[in-house]
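Here it is, the structure, as structure tokens.
For the single chain, residues carry numbers from 1 onward in sequence order. Quantities reported herein were computed from a predicted structural model and do not represent experimental measurements.
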Amino acid sequence: MAESPISDTRIRKRAGLSLAAIVIAAFVVFGGAVALVVARYVTSPASPAATPVSTASPTMSTSAVFGAAAEDSALATVPMLRLPPQAAQPQAMTTEAAGTAIAVPKAPVQTGQWIPRGFPRTPEGALAQLKTLNETALAAADPQVYTRGFRELAEPGAPDAEGTGLVSLLTSLRSRAQLPGAGPVAGLNASYQVTHGQIKGVTSGGAFTVVCVLGQFSVGVNGQLVSAGVGDCQAMRWSGSQWRIAAGPIAAPAPSAWPGSADAAKAGYRILSES
């Protein structure tokens with residue numbers, strides 16, 4: 001007896017499950033080997049010589065020897081603490097802290113702008129701007145969407161978005177999941193929730209700062225969800241009215257750790273609270 005034809009509903013269901021299986025498998029690899037997925041950006045093998053950038057004070061004095069541009073570049077490229085790949089995987093929380101919470105301003109209420117702007121001219125304002133950019137632009141898990149947000153905030157001469165770690169992350173994830181390189185994918189959703197951050201330093205009289213955010217990046221398909229801790233550092237410059245991604249060298253890769261873990265505290269991340 002001939003088999004009954006498979007209904008369209010069953011076909012769609014199987015296709016959805018197949019996509020889910022592919023994506024989840026890819027993201028399990030992502031969570032288990034973040035350093036390989038994000039290349040130089042997320043983590044690299046731990047080194048006994050590596051030390052975190054001090055976050056005790058968010059101010060770096062102006063050098064009398066080097067010009068402001070040289071000092072800005074030096075701050076941006078100072079290496080951050082390197083962590084092993086497993087640091088980004090879900091793990092137990094800790095009571096350890098790298099310091100008191102950082103109070104960041106809430107996103108201003110604005111209309112007609114995809115990425116809210118108008119944060120104050122403070123290092124905390126720059127931190128809030130980066131938090132807002134990443135939480136908004138990573139929601140689609142699409143490198144083209146993130147690139148658009150990055151470019152909207154970048155000043156002339158800023159690094160190309162395509163060279164950032166987050167574009168590398170999104171591109172690698174889609175490639176491993178055998179998904180289109182860009183564009184919406186049915187059933188695919190993502191979120192990036194920033195909970196921690198740090199101010200690497202400030203130069204140019206407070207007009208230039210390197211700030212880092214750390215959050216839980218989660219990707220799901222049809223209710224199945226996988227997560228990893230992802231950090232991001234960017235050099236920011238005050239334009240006179242807003243914080244923008246600064247011209248010059250790209251900031252050194254951020255440490256990635258599970259938010260709230262001992263590794264996150266070791267890397268200097270502090271809880272963010274809205275003021």
Side-chain angles (χ1 to χ4, degrees), residues 40-41 53 58-63 66-80 102 104-140 142-171 182 192 194 197-215 230-254 272:
R40 61 180 288 273
Y41 159 69
V53 174
T59 302
M60 182 175 287
S61 60
T62 302
S63 172
F66 301 101
E71 189 175 43
D72 294 349
S73 296
L75 173 61
T77 56
V78 171
M80 304 292 287
I102 301 175
V104 295
K106 295 181 180 179
V109 178
Q110 296 185 348
T111 58
Q113 288 186 328
W114 175 46
I115 306 293
R117 306 173 199 182
F119 294 95
R121 186 186 185 275
T122 62
E124 293 79 11
L127 190 55
Q129 183 65 82
L130 181 59
K131 174 179 183 291
T132 300
L133 165 64
N134 287 352
E135 288 183 336
T136 303
L138 288 178
D142 186 337
Q144 284 189 353
V145 173
Y146 173 78
T147 295
R148 174 191 162 200
F150 185 95
R151 287 176 176 171
E152 283 189 10
L153 285 182
E155 66 179 8
D160 290 334
E162 289 77 4
T164 64
L166 290 179
V167 167
S168 176
L169 166 65
L170 298 174
T171 301
Y192 183 53
V194 172
Q198 59 179 293
I199 300 167
K200 184 180 181 183
V202 180
T203 62
S204 297
F208 181 93
T209 181
V210 178
V211 292
C212 308
V213 294
L214 176 68
V230 173
D232 179 50
C233 291
Q234 295 295 337
M236 310 286 287
R237 192 187 316 278
W238 181 254
S239 69
S241 60
Q242 63 177 303
W243 286 104
R244 304 186 68 182
I245 306 294
I250 194 167
L272 301 183

Residue pair Glu152, Arg117: steps toward the side-chain contact (heavy atoms from CB on, under 4.5 Å) verdict: CA-CA 11 Å; Glu152 283 189 10; Arg117 306 173 199 182; 3.3 Å; yes
Stepwise side-chain contact (heavy atoms from CB on, under 4.5 Å) test for Ile245 and Met236: CA-CA 5 Å; Ile245 306 294; Met236 310 286 287; 3.6 Å; yes
Smallest separation among heavy atoms of Phe150 and Ala161, with atom names: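 Heavy atoms of Phe150 and Ala161 come nearest at CD2-CB, 3.5 Å.
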side-chain contact (heavy atoms from CB on, under 4.5 Å) partners of Ala128, counting only residues at least two apart: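 Ala128 satisfies side-chain contact (heavy atoms from CB on, under 4.5 Å) with Val104, Pro105, Phe119 only.
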Non-neighbouring partners of Ser239 that pass side-chain contact (heavy atoms from CB on, under 4.5 Å), sequence neighbours left out: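 For Ser239 the side-chain contact (heavy atoms from CB on, under 4.5 Å) partners, ignoring immediate neighbours, are Ser241, Gln242, Arg244.
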Between CG on residue Leu214 and NZ on residue Lys131, distance to nearest 0.5 Å: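 One finds 12.5 Å between CG of Leu214 and NZ of Lys131.
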Atom of Cys233, atom of Ala254 and distance for their closest heavy-atom approach: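 Closest approach of Cys233 to Ala254: SG-CB, 3.3 Å.
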Interatomic spacing from CG in Leu75 to OG1 in Thr203 - rounded to 0.5 Å: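 Answer rounded to 0.5 Å: 5.5 Å.
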Set of side-chain hydrogen bond (donor to acceptor under 3.5 Å, both in side chains) partners for Arg151, sequence neighbours left out: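 Once residues adjacent in sequence are excluded, the partners of Arg151 under the side-chain hydrogen bond (donor to acceptor under 3.5 Å, both in side chains) criterion are Glu162.
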Partners passing side-chain contact (heavy atoms from CB on, under 4.5 Å) against Ala137 (at least two apart in sequence or in another chain):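 Ala137 satisfies side-chain contact (heavy atoms from CB on, under 4.5 Å) with Trp114, Leu133, Tyr146 once adjacent residues are dropped.
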Closest contact, heavy atoms only, Gln234 versus Leu130: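 Answer, listing the atom of Gln234 first, then Leu130: CG-CD1, 3.6 Å.
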With sequence neighbours excluded, residues passing side-chain contact (heavy atoms from CB on, under 4.5 Å) with Gln144: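 Gln144 satisfies side-chain contact (heavy atoms from CB on, under 4.5 Å) with Asp142, Ala182 once adjacent residues are dropped.
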Test side-chain contact (heavy atoms from CB on, under 4.5 Å) applied to Thr164 and Leu169, step by step: CA-CA 9 Å; Thr164 64; Leu169 166 65; over 6 Å; no
Nearest heavy-atom neighbours spanning Pro123 and Val211: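 Scanning both residues completely, I find the closest heavy atoms to be O-CG1, 3.9 Å.
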Close side-chain approach of Ile250 to Asp160, heavy-atom, < 4.5 Å: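 Ile250 vs Asp160: side chains apart.
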Shortest non-hydrogen contact between Ala235 and Ala76, atoms and distance: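 Nearest heavy atoms, Ala235 then Ala76: CB-CB, 4.4 Å.
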Close side-chain approach of Met80 to Lys200, heavy-atom, < 4.5 Å: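 Counting from C-beta outward, Met80 and Lys200 do come under 4.5 Å.
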Non-hydrogen atoms of Phe208 and Ala246 that approach each other most closely: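 The pair with the smallest heavy-atom distance is CE1-CB, 3.6 Å.
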Straight-line distance of Glu124 CD to Leu272 CG, nearest 0.5 Å: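 The CD atom of Glu124 sits 10.0 Å away from the CG atom of Leu272.
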Inter- and intrachain pairs under salt bridge (Lys or Arg N to Asp or Glu O under 4.0 Å), touching residues 233-242, at least two apart: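 Applying salt bridge (Lys or Arg N to Asp or Glu O under 4.0 Å) to every pair that reaches into residues 233-242, excluding sequence neighbours, yields Asp72-Arg237, Glu155-Arg237.
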CH2 on Trp243 to OG1 on Thr209, rounded to 0.5 Å: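 Taking OG1 in Thr209 and CH2 in Trp243, the distance rounds to 6.0 Å.
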Distance, nearest 0.5 Å, that separates CG of Leu166 from CG of Asn134: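 It comes to 5.5 Å.
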Gap separating the CD1 atom of Ile115 from the OG1 atom of Thr132, nearest 0.5 angstrom: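 Those atoms lie 8.0 Å apart.
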